[in-house]
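To start, the structure under review is shown below, and the notes come after it.
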Amino acid sequence: MTVPVPALRLEGIVKTFPGVRALDDVSFSVMPGEVHALMGENGAGKSTLMKVLGGIHQPEEGQIIVAEVPTVMTSPLQAKSKGIVFIHQELSLAEELSVAENIYLGELPKRSFGRVDWGSLYAQTDAILSKLRVGFDARTRVGDLSIANQQMVEIARALTVDAKAVIFDEPTASLTDAEKVVLFDVISDLKAQGVGIIYISHRMEEIFKMTDRISVLRDGQYRGTLVTADTDEDEVTQLMIGRSLDLTRAASTHDLGDVALEVRNLSCGHLFQNVSFAVRRGEVLGFYGLVGAGRTEIAETLFGLRDPSGGSIHLDGKEIRITSPVDAIRMGLSLVPEDRKGQGLVLGMNCRDNMTLPQIGDLTAGPFVAEGAEIAIFDQYRDKLDIRTPGWKQTVGNLSGGNQQKIVIGKWLSMHPSVLIVDEPTRGIDVGSKSEIHNLIRELAAQGYAVIVISSEMPEVLHVSDRIVAMYSGRVMRTFTSDEVTEDNLIQAISGIASEQVA
Ligand SMILES: Nc1ncnc2c1ncn2[C@@H]1O[C@H](COP(=O)(O)OP(=O)(O)OP(=O)(O)O)[C@@H](O)[C@H]1O
Ligand SMILES: [Mg+2]
């Protein structure tokens with residue numbers, strides 16, 4: 001009998017960046033037909049390890065062994081030729097090109113005289129897309145697709161290869177539940193075909209549903225491997241952050257203040273209709289619903305990014321009109337957006353400037369920006385949010401995904417808004433920092449902020465909210481107090497089962 005050989009093995013990998021030892025002697029392997037989770041805090045080195053594997057970064061030490069053959073990876077295209085394919089955390093598609101061109105970039109099918117064979121390119125692409133049950137075709141321009149659909153293009157690209165190993169780096173961060181089902185089917189198919197799969201995610205639920213083993217990195221070091229069926233969330237958390245988490249929430253002890261923001265019968269075309277709610281100072285109001293229920297669109301309307309088609313918005317009892325984000329900020333509203341890459345950050349700019357960007361006006365003394373004040377703000381929120389970076393000069397694009405999200409949160413907190421709206425505040429954030437951010441949200445409320453939290457994660461909404469607005473298909477189905485709400489009645493409300501109630 002032959003002993004099974006790993007599809008892929010990494011041995012003693014070392015990778016440093018200026019000021020950061022991102023990978024410190026890391027070894028790791030994945031067997032054919034295995035789904036192997038890679039976990040660790042934000043900045044632990046997961047994406048870097050995968051970029052070493054994909055030939056994007058060259059390690060200073062260590063070896064990559066593909067099916068027992070030591071291999072030097074020089075570029076993503078070469079890694080692909082060895083059967084190693086990536087679905088990256090930050091999408092890497094050419095927006096101006098079609099779906100088909102993106103999928104077969106560098107290897108377009110050719111006719112004689114080297115002309116691209118568009119007919120077979122589109123046919124091959126559509127065959128793959130039909131497996132993924134997506135609603136676009138080979139000719140669609142990638143820039144016209146939603147983030148979720150762009151993710152599906154990356155997945156389609158992986159399926160064109162006779163893969164030995166496929167790496168998914170936080171693939172579900174922007175997918176709807178229906179899209180997740182398709183993704184998990186794809187993963188199961190690949191597994192059945194004997195492909196080794198590396199799955200990076202902070203979502204414990206998915207990890208326990210999808211994976212066979214879990215390996216953990218911490219501060220760039222390998223911490224161990226657990227068999228998924230024999231472990232639990234607490235053990236994984238311990239290994240990741242060195243402690244257990246207390247997820248129970250202390251009962252609110254502070255009194256609520258006056259109503260800060262009230263919305264009456266607000267509508268925006270077909271996106272949402274007749275939405276009414278009020279949030280008081282000291283209160284956290286949660287918005288829960290499926291992707292597409294209209295929650296993000298409400299936030300965008302409050303922040304002046306969309307024009308309401310009806311209804312009114314009142315701040316401190318006075319009706320207001322918000323026609324732009326500049327208006328919103330001036331009136332004391334802040335929005336931490338859902339899509340940090342598109343709306344929250346300038347990736348080529350350093351950490352400090354990203355954090356203080358919206359308040360440059362306030363910090364400017366005459367023509368000069370008060371640099372000391374900016375650095376002080378950065379330092380304060382770096383400590384508060386535990387942002388891992390060698391210093392404020394670091395380019396935000398070089399931070400790990402979760403640390404980028406923390407910069408966005410810091411940016412809006414530092415403005416001391418009277419109403420803070422956070423949309424999916426912990427997307428891509430590790431379990432330890434997640435509970436810190438939840439505590440921070442509660443703390444802000446205790447200090448008298450009115451906070452609106454939009455989330456697709458039920459435990460998150462239940463944990464941070466004083467009351468929860470349940471939305472379905474652009475409408476408020478019901479507003480729950482924390483005494484009334486249960487998982488069951490919340491699910492019913494967001495599925496459109498419970499009857500509509502006036503809040
Ligand atoms: N190109 C780069 N230049 C400088 N530092 C980098 C670069 N890429 C990564 N780093 C640093 O290396 C460390 C590991 O980052 P990495 O992206 O691998 O973390 P991660 O485990 O994927 O985290 P997350 O869960 O937040 O995605 C971080 O401190 C990060 O800032
Ligand atoms: Mg990462």
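When a residue number appears, it is its place in the shown sequence, counting from 1. Keep in mind the model is a prediction, meaning the values are calculated, not measured. Each ligand, and each atom within it, is numbered from 1 in the order the structure gives.
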>> So if I apply the side-chain contact (heavy atoms from CB on, under 4.5 Å) rule between Leu10 and each of Leu49, Val30, Leu23, which one comes out positive?
In response: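 For Leu10, the side-chain contact (heavy atoms from CB on, under 4.5 Å) test succeeds with only one of Leu49, Val30, Leu23, which is Leu49.
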
Is [X] salt-bridged to [Y], going by a charged N under 4.0 Å from an acidic O?
X      : Y      : result
Lys46  : Glu170 : no
Asp230 : Arg213 : no
Lys434 : Glu457 : yes
Asp386 : Arg388 : yes

> Is the Mg ion (ligand 2) less than 2.8 Å from at least one N/O/S atom of Ser400?
Replying inline: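 It does not: Ser400 brings no N, O or S atom closer than 2.8 Å to the Mg ion (ligand 2).
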
Element-labelled atoms of ligand 1 that are located less than 4.0 Å from some non-hydrogen atom of [X]:
X      : answer
Ser47  : 17 (O), 18 (O), 20 (P), 22 (O)
Gly402 : 24 (P), 26 (O)
Ser400 : 15 (O), 16 (P), 17 (O), 19 (O), 20 (P), 23 (O), 24 (P), 26 (O), 31 (O)
Leu399 : 31 (O)

> Any idea which part of Asn42 is under 4.0 Å from ligand 1, heavy-atom wise: side chain, backbone, both or neither?
Replying inline: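 It is both parts that get close, each with some atom under 4.0 Å.
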
[X] near ligand 1 by a heavy-atom separation under 4.0 Å:
X      : result
Glu41  : yes
Gln404 : no
Val20  : yes

> Does an N or O from Lys46, backbone or side chain, lie closer than 3.5 Å to an N or O of ligand 1?
Replying inline: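 Such a contact does occur with ligand 1.
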
>> If I apply the N/O under 3.5 Å rule, does Phe17 come out as touching ligand 1?
In response: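 In this structure, Phe17 places no N or O atom under 3.5 Å from an N or O of ligand 1.
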
> Are the aromatic ring centres of Trp392 and Tyr381 under 6.0 angstrom apart?
Replying inline: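 No.
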
> Out of Gly43, Ser201, Gly397, whose heavy atom sits nearest atom 14 (C) of ligand 1?
Replying inline: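 Of the listed residues, Gly43 has the closest heavy atom.
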
>> Does the Lys NZ or Arg CZ of Lys180 fall within the cation-pi geometry relative to Phe184 - under 6.0 Å from the ring centre and within 45° of the axis?
In response: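 No, Lys180 and Phe184 do not form such a contact.
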
> Between OG1 of Thr48 and CZ of Arg21, what distance do you get to the nearest 0.5 Å?
Replying inline: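 Between atom OG1 of Thr48 and atom CZ of Arg21 there are 13.0 Å.
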
